[in-house]
Amino acid sequence: MYSEITPKHRELIDEMRSFGEKHFSFENISRWKKDAGLPDEVVKDFVNLDFKGFNVVHRDENGTYDLFAQVLVIEELARAAGATLPFANDLLNLQIMGEFADSDRFDMVRDRYFSDGRLVFALATTEPEGGSDTMQMKTSVRTEGGKLVLTGRKTFVNNGEFTPYILVAAIDADAEIKKYPPLSMWLLPHDLPGIGVYPIKKAGQSMLPFSDIVFDNVEVDERYRLPGSEAGFPQLFRWFETGRIFTCATALGLAQAAVEDAVRYASERKAFGSAIFDFQIIQQMIVDMEIDLSTMKDSVYRTAIEVGTRGHTKESRLSVALMKRLVPARATKVASDALQIFGGRGYTNEERVSSIWRDCRGFQIAEGTDQIMVRIAAPLIKERYGY
């Protein structure tokens with residue numbers, strides 16, 4: 001159906017499907033949600049796969065796979081698991097590290113990832129009072145009494161309790177303010193005095209443990225600073241757009257899993273003497289769900305190809321915002337309709353559709369809310385039409 005999906009892409013999808021069939025049983029996924037993470041053998045199996053395709057993470061003989069290939073892999077993993085997995089988040093964060101860090105520190109992080117399947121750092125950018133308005137960041141580093149001191153608070157830090165390092169975005173209060181606030185990135189040892197970590201309880205994404213992190217006058221050393229390839233926020237914003245594409249690819253895979261479960265259940269469930277799939281209202285719901293799936297897939301694929309081919313432009317920024325506005329909301333609706341087809345059983349933990357719904361609903365907030373996407377997209381649409 002999609003001419004952009006090449007035989008090489010098909011090989012990637014098949015490899016992810018086999019990986020999912022090996023590991024992603026309902027019992028395993030349920031246990032990993034309770035454990036708030038994947039076991040060592042699964043993450044090690046993942047980094048040892050042959051696909052070698054995630055940009056700076058994996059390379060093959062022809063260089064690196066493109067963004068579209070990464071999206072196909074993330075989508076298939078989410079579909080196979082019917083749950084939000086840590087792989088997309090880890091791989092995005094590793095690519096962010098590759099952009100900001102010097103080669104020695106990046107090689108250390110990448111080598112550790114390949115050896116044990118886990119990132120050695122947690123990315124800390126979002127703040128409680130800032131949310132999607134990243135440039136209102138209050139966490140800062142300043143010179144006090146001849147020492148560099150970090151103060152502030154971050155929230156929704158994935159794996160913030162467990163990693164040996166924290167990659168912190170902070171305003172450089174000693175630097176001159178130009179067009180953008182002076183952003184700096186710091187790879188800090190987790191055990192520095194003054195760092196406090198507080199777990200967050202949330203409704204979905206159970207395999208991604210989140211935390212608040214407080215930096216209470218943490219004394220830092222200049223050697224912890226990452227150089228970056230260019231100044232600050234524009235560099236970070238580009239990766240936010242990639243993160244939104246990954247989020248929507250995950251939501252798309254989850255929605256596909258919900259539809260597959262709903263069709264199976266409706267075909268097997270008997271009521272009033274026949275399978276409920278034969279009821280016209282159920283058929284209408286499933287047809288509408290399939291339409292939503294096609295719409296989401298078109299948006300995610302088109303956006304990934306555009307950004308991967310043309311880079312980060314005003315047009316691609318608009319495409320990303322429109323995609324992020326559309327896909328998680330449609331995925332939530334699809335999962336909700338699937339839950340409705342299951343009836344009371346769908347509202348229990350005996351089926352995965354209820355947790356799929358919670359994860360999709362969370363994606364309407366993560367990586368920029370539905371409403372923030374309107375704020376981003378509307379001026380770009382106005383400019384597109386010459387006003």
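In this chain, numbering begins with 1 at the start of the sequence shown.
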For Gly308 and Leu67, the nearest pair of non-hydrogen atoms, with its separation, is N-CD2, 4.0 Å
So among Leu119, Asn93, Leu167, Asp104, which one has a side-chain contact (heavy atoms from CB on, under 4.5 Å) with Val109? Leu119
Besides Val374, the hydrophobic cluster formed by Ile, Leu, Val, Met, Phe, Trp and Tyr side chains linked at under 4.5 Å, directly or via other members, contains none
Of Glu4, Glu75, Glu290, the residue whose pairing with Lys297 passes salt bridge (Lys or Arg N to Asp or Glu O under 4.0 Å): Glu75
N-O pairing of Asp90 and Arg118 below 4.0 Å: no
Side chains of Thr242 and Gln95: do they bring a donor and an acceptor to under 3.5 Å? no
Applying salt bridge (charged side-chain N to carboxylate O under 4.0 Å, His left out), run through Arg238 and Glu241 and close with a yes or a no. CA-CA 5 Å; Arg238 292 200 302 272; Glu241 291 185 1; over 6 Å; no
Residue pairs passing the side chain to side chain donor-acceptor pair (under 3.5 Å) test where at least one lies in residues 181-195, sequence neighbours excluded: Ser184-Trp186
With sequence neighbours left out, which residue pairs that include part of residues 267-279 fulfil the side chain to side chain donor-acceptor pair (under 3.5 Å) condition? Tyr265-Arg269
Drop me the distance from Phe106's CZ to Leu94's CG, to the nearest 0.5 angstrom. 4.5 Å
Under 3.5 Å: donor-acceptor pair, side chain of Thr348, backbone of Gly344: no
Determine whether a donor-acceptor pair (N or O, by modelled atom type, separation under 3.5 Å) exists between the side chain of Ser316 and the backbone of Glu306. no
State whether the number of non-hydrogen atoms from other residues, nucleotides or ligands found under 6.0 Å of Arg361 atom CZ is greater than 12. no
His312 ring center within less than 6.0 Å of Phe237 ring center: no
Over 12 non-hydrogen atoms of neighbours within 6.0 angstrom of NZ in Lys147: no
Would the distance check show the side chain of Asp221 and the main-chain N or O of Tyr224 forming a donor-acceptor pair, the cut-off being under 3.5 Å? no
Tell me whether Ser299 contacts the main-chain N or O of Thr295 through its side chain, where contact means a donor paired with an acceptor under 3.5 Å. no
